[in-house]
Student: 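Got a structure for you, questions after.
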Amino acid sequence: MADAPPSPPLLLASTSPQRKAILEQLHIPFDVVAPRYDEETLADADPLRIVHEHARGKARSVADIAEDRPVVGVDTAVVLDGRIFGKPANASEAEEMLEQLSGKTHIVVSGLCLLTPGWEDVEHEATQVAFRELDPRELGTYVASGEWEGRAGGYAIQGRGAALVSSIEGDYLNVVGLPAALLVRLLAERFSGVYGFG
C-alpha cells in the first residue's frame, strides 16, 4: 500500500510558543506566521464576540499567503464577572489582576477560526479555573518571577502559575492557549483522516 501523501501544514496565525507546543504535542503539521492584525479589547466588551472577532481577524490577516492550506487563528481571554482581563501592561497591573482572581472562579474563553478559501468556521471553548486564596507574599513572589508577562489574566497555568490554581473544569490546553479539543473536532469534521483525526 502506498504511503499517504503528507498532510498540508496548517498555517498558524500566531507566534505564541504555547500554541506551537500544543500543535507539536498533537503531531499536527504547521507553519507559523505572525498575524497582521491589531487587537483592541475593551474590558467591558462582550467576551465571546471579542474572541470570535480577534480569532477571525488574525486568521483572515494571513489568508492571502496561505494558498490552499487551512489557516488557524486563536484568541484567548480571561473573564471574571463579565469583565475581560487582557495581558497586564506591568507588574503592578499583573498583581492587581491576580488579587481579583484570588479565591474566585474565572472563565478562560478562546475563539478559534479555521478557514480555507472555500469556508470559514469560528467557534469557541470555555474552561472554568478556580484560584486558591492567595496571600500578599505569594502574589509578590509570583509577580516577581515575571511569568505574568504577555499572559492574559497575568498567569501561566503550564508554569509556576499552576500553584495558583485549586481546580479546573474543561479543556486544560485551552487555558494554556489553544482549545485543542475544539481544533481536533473541526479537523476531524472538515479534513477526515488528513490530520489523523476523524
Side-chain angles (χ1 to χ4, degrees), residues 12 14-26 32 34-35 37-55 57-58 73-112 123-184:
L12 176 65
S14 172
T15 55
S16 155
Q18 290 75 37
R19 291 181 183 143
K20 286 158 61 174
I22 292 168
L23 289 176
E24 285 163 1
Q25 182 182 336
L26 297 172
V32 163
Y37 175 77
D38 291 327
E39 29 182 307
E40 276 185 52
T41 303
L42 302 169
D44 57 354
D46 177 275
L48 283 186
R49 195 175 62 77
I50 290 291
V51 296
H52 282 189
E53 222 170 78
H54 288 344
K58 290 174 187 179
V74 183
D75 189 63
T76 302
V78 168
V79 183
L80 178 68
D81 300 330
R83 182 168 163 243
I84 297 173
F85 286 58
K87 296 168 185 169
N90 52 47
S92 61
E93 203 173 284
E95 191 158 357
E96 199 181 301
M97 280 185 186
L98 294 168
E99 264 173 19
Q100 291 180 57
L101 297 174
S102 171
K104 299 195 182 96
T105 298
H106 62 270
I107 294 170
V108 176
V109 60
S110 293
L112 185 140
E123 295 195 27
H124 67 271
E125 187 65 64
T127 306
Q128 288 190 12
V129 181
F131 264 30
R132 300 186 297 108
E133 286 283 355
L134 307 171
D135 66 37
R137 195 181 65 212
E138 284 180 299
L139 279 172
T141 303
Y142 183 72
V143 170
S145 77
E147 193 177 74
W148 56 269
E149 292 184 51
R151 318 275 187 188
Y155 74 98
I157 197 168
Q158 72 279 13
R160 294 173 68 160
L164 311 175
V165 174
S166 62
S167 70
I168 171 173
E169 196 178 308
D171 181 355
Y172 167 79
L173 291 174
N174 182 41
V175 186
V176 177
L178 181 78
L182 172 57
L183 177 61
V184 165

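Keep in mind the model is a prediction, meaning the values are calculated, not measured.
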Student: Between the main-chain N or O of Gly177 and the side-chain N or O of Arg19, is there a donor-acceptor pair closer than 3.5 Å?
Tutor: yes
Student: Decide side-chain contact (heavy atoms from CB on, under 4.5 Å) for Thr105 and Val129; before the verdict, give the C-alpha distance in whole Å, the side-chain angles of both, and the deciding distance to 0.1 Å.
Tutor: CA-CA 5 Å; Thr105 298; Val129 181; over 6 Å; no
Student: What heavy-atom pair brings Val74 and Ser110 nearest, and what distance separates the two atoms?
Tutor: CG1-CB, 4.5 Å
Student: Please check: side-chain N/O of Glu147 versus main-chain N/O of Arg160, any donor-acceptor pairing under 3.5 Å?
Tutor: yes
Student: Looking at Arg49 and Glu53, does any basic side-chain N land under 4.0 Å from a carboxylate oxygen?
Tutor: yes
Student: As an exercise, state the distance from CD of Gln100 to CZ of Phe85, rounded to the nearest 0.5 Å.
Tutor: 4.0 Å
Student: Before giving the answer on side-chain contact (heavy atoms from CB on, under 4.5 Å), spell out for Glu125 and Leu112 the whole-Å C-alpha distance, their side-chain angles and the decisive distance to 0.1 Å.
Tutor: CA-CA 8 Å; Glu125 187 65 64; Leu112 185 140; over 6 Å; no
Student: For Val78 versus Ala152, what's the shortest heavy-atom pair and its separation?
Tutor: CG2-O, 3.5 Å
Student: Do side-chain atoms of Glu138 reach the backbone of Leu134 as a donor and acceptor pair under 3.5 angstrom?
Tutor: no
Student: Measure across Gly154 and Pro88 and return the closest heavy-atom pair with its distance rounded to 0.1 Å.
Tutor: CA-CG, 3.7 Å
Student: Look up atom CG in Leu164 and atom CG in Leu139, then write down how far apart they are to the nearest 0.5 Å.
Tutor: 8.0 Å
Student: State, to 0.1 Å, how close Ala180 and Leu173 come at their nearest heavy-atom pair, and which atoms those are.
Tutor: CB-CD1, 3.7 Å
Student: Looking only at heavy atoms, which two atoms of Glu123 and Leu182 are closest? And how far apart?
Tutor: OE1-CD1, 3.6 Å
Student: Kindly indicate, with the supporting measurements, whether the criterion side-chain contact (heavy atoms from CB on, under 4.5 Å) is fulfilled by Val165 and Arg132.
Tutor: CA-CA 6 Å; Val165 174; Arg132 300 186 297 108; over 6 Å; no
Student: When you measure from the side chain of Asn174 to the backbone of Val109, do you find a donor-acceptor pair of N or O atoms at a distance under 3.5 Å?
Tutor: no
Student: So, Ser102 side chain and Leu98 main chain: donor-acceptor pair closer than 3.5 Å or not?
Tutor: no
Student: Would you please classify the geometry between the Tyr155 ring and the Phe131 ring as parallel, tilted or perpendicular, with 30° and 60° separating the classes?
Tutor: perpendicular
Student: If you take all heavy atoms of His54 and Tyr37, which pair is closest and at what distance?
Tutor: ND1-OH, 2.9 Å
Student: Going from NE2 on His52 to CD1 on Ile50, what distance comes out if it is rounded to the nearest 0.5 angstrom?
Tutor: 11.5 Å
Student: Applying salt bridge (charged side-chain N to carboxylate O under 4.0 Å, His left out), name anything that partners Glu169, two or more places apart in sequence or on another chain.
Tutor: none
Student: How long is the gap from NZ on Lys87 to CZ on Arg151, to the nearest 0.5 Å?
Tutor: 9.5 Å
Student: How far does OG1 of Thr76 sit from CG of Leu178, to the nearest 0.5 angstrom?
Tutor: 7.5 Å
Student: Would one find more than 12 heavy atoms of other residues, nucleotides or ligands at under 6.0 Å from atom CG of Asp38?
Tutor: no
Student: Nearest 0.5 Å, please: how far is CH2 in Trp148 from CE in Met97?
Tutor: 9.5 Å
Student: Counting N and O atoms only, with roles assigned by atom type, does the side chain of Asp135 sit under 3.5 Å from a partner on the main chain of Arg137, one being a donor and the other an acceptor?
Tutor: yes
Student: Is it the case that Asp171 and Thr127 place a side-chain donor and acceptor less than 3.5 Å from each other?
Tutor: no
Student: For the pair Glu39 and Lys58, find out whether any cationic side-chain nitrogen is under 4.0 Å from an anionic carboxylate oxygen.
Tutor: yes
